[in-house]
Amino acid sequence: MAEIVHPLRRSVFRGLAGHCPACGDGKLFWKYLKVNGRCEACDTDLARYPADDGPAYLTILLVGHLVVAPLLFFPIVWRSNPAYSLPVILIPLAALTLLVLPRVKGGWVGMMYALGVKDTDAALHTADAAD
Ligand SMILES: [Zn+2]
């Protein structure tokens, strides 16, 4: 099991803000979801912290539970014509998901940094353990 090697809360919040979890100054991403190889401010190797599919699952979990499930309590969703209601619901939902995903990935990378989990820790990858 991974031990906390850096302050967890600080690292996660720096990642959520899109900053390097080590120093908080450098940018974490160089594209939408592409993590910088090295921090431009403190030279921390950011590429070695694996995110895999975790941020996508967590984003779906958050958006699904905080937006989609409460939305189903509104009768207008059930009674309206799907030709009109689906675009009105799905387009903002997709935009929200795309807005949340990089923040969740940043927080995820910050958590991996705090826990000291690197891409070389293959024993922690369950898919590899199944082989
Ligand atoms: Zn840094």
Side-chain angles (χ1 to χ4, degrees):
M1 193 66 192
E3 297 177 17
I4 297 176
V5 294
H6 299 285
L8 181 63
R9 183 179 301 177
R10 187 183 70 194
S11 302
V12 169
F13 279 110
R14 284 177 175 173
L16 285 171
H19 297 291
C20 167
C23 68
D25 290 331
K27 291 188 341 186
L28 183 58
F29 300 107
W30 63 276
K31 274 187 168 179
Y32 176 61
L33 288 176
K34 298 288 186 185
V35 176
N36 271 328
R38 290 195 151 313
C39 175
E40 61 209 18
C42 68
D43 204 37
T44 298
D45 184 7
L46 298 171
R48 66 181 179 172
Y49 300 106
D52 298 333
D53 296 334
Y57 289 125
L58 188 57
T59 300
I60 292 169
L61 186 77
L62 287 172
V63 172
H65 282 83
L66 298 177
V67 177
V68 175
L71 194 65
L72 298 177
F73 285 108
F74 293 98
I76 193 168
V77 172
W78 299 101
R79 295 185 184 140
S80 63
N81 184 346
Y84 300 114
S85 62
L86 281 179
V88 169
I89 293 170
L90 292 181
I91 291 172
L93 195 62
L96 177 67
T97 302
L98 293 174
L99 190 72
V100 169
L101 182 58
R103 279 124 186 105
V104 169
K105 183 170 181 175
W108 192 277
V109 170
M111 183 180 69
M112 293 294 112
Y113 169 78
L115 297 176
V117 177
K118 302 173 192 84
D119 54 359
T120 54
D121 296 331
L124 296 173
H125 295 247
T126 55
D128 295 337
D131 292 339

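Every number for a ligand or one of its atoms is a count from 1 in the order of the listing.
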Revision key, fill the gap. Minimal heavy-atom distance between Ser85 and Val77, with the atoms involved, is OG-O, 4.5 Å
Practice item. Decide, counting backbone as well as side-chain atoms, whether His19 has an N, O or S atom less than 2.8 Å from the Zn ion (ligand 1). Key: no
Review point. Is the Tyr113 ring parallel, tilted or perpendicular to the Tyr49 ring (thresholds 30°, 60°)?
Key: perpendicular
Exercise for review: Might you work through the side chain to side chain contact (heavy atoms under 4.5 Å, CB included) test for Leu28 and Cys20, ending with a clear yes or no?
Suggested key: CA-CA 5 Å; Leu28 183 58; Cys20 167; 5.6 Å; no
Point to revise | Pairwise distance CG(Leu16) to NZ(Lys105) - rounded to 0.5 angstrom | key: 14.0 Å
**Study point:** Angular separation of SG (Cys23) and SG (Cys39) seen from the Zn ion (ligand 1), to 10°
**Key:** 110°
Point to revise | Angle at the Zn ion (ligand 1) (to 10°), with one arm to SG of Cys20 and the other to SG of Cys42 | key: 110°
